[in-house]
Amino acid sequence: DVQLQASGGGLVQSGGSLRLSCAISGFRNADLDDYAIGWFRQAPGKEREAVSCISRGIDTLQSPEYMKGRFTVSADNAKNMVYLQMGSLKPEDTAVYYCAAAPPFGCDYGLQSDMEYWGKGTLVTVSS
């Protein structure tokens, strides 16, 4: 099975930046282009929500307005890594961030039910 591991979380001040990494492994006769990788987050007391999605090098998710221009997703196929660069962080960005995998272009709608594999999350805490 495909395995994912998110890392890079931590404590950052409001206005700061952080880069999260998602390491993907366990491919069988496949590579990163055979999957869409999505980032989701779950803040305390809130539902999990989609943050970003990348498939074959294309950022495919229509992110919420409050994320646009602050979060950028990218992939390094040679390393089987997907990154989420986050900037201008706000306290409301505090959440556990997860990466997950779906078939190509399978997370365009940001639906958790479309994701087939999930990694353990990494906690991002933004202080005011």
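Predicted model only: the values in this text are computed from it and were never measured.
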Residue Lys68 excluded, over 12 heavy atoms near NZ under 6.0 Å
yes
Do [X] and [Y] make a side-chain contact, defined as non-hydrogen atoms from C-beta onward lying under 4.5 Å apart?
| X | Y | result |
| --- | --- | --- |
| Arg41 | Val124 | no |
| Leu18 | Val126 | no |
| Tyr35 | Ile24 | no |
| Val82 | Cys99 | no |
| Ile37 | Leu4 | yes |
| Leu20 | Tyr98 | no |
| Asp59 | Ile54 | no |
| Glu92 | Tyr66 | no |

Do [X] and [Y] belong to the same hydrophobic cluster, where Ile, Leu, Val, Met, Phe, Trp and Tyr are linked whenever their side-chain heavy atoms lie under 4.5 Å apart, directly or via other members?
| X | Y | value |
| --- | --- | --- |
| Val73 | Leu32 | yes |
| Met81 | Met115 | no |
| Met67 | Leu89 | yes |

Side chain of Ser14, backbone of Ser128: donor and acceptor closer than 3.5 Å?
no
Under the side-chain contact (heavy atoms from CB on, under 4.5 Å) rule, what do Asp93 and Arg70 come out as? Steps first, then yes or no, please.
CA-CA 11 Å; Asp93 294 318; Arg70 300 193 298 122; 2.7 Å; yes
Return yes if a side-chain donor-acceptor contact under 3.5 Å exists between Asp33 and Asn77, otherwise no.
yes
Stacked cation flag Arg19 on Tyr83, 6.0 angstrom / 45 deg:
yes
Could you grab the distance from atom SG of Cys53 to atom CD1 of Ile58, nearest 0.5 Å is fine?
10.5 Å
Scan for side chain to side chain donor-acceptor pair (under 3.5 Å) pairs involving residues 108-127, sequence neighbours excluded, and state none if there are none.
Thr60-Asp108
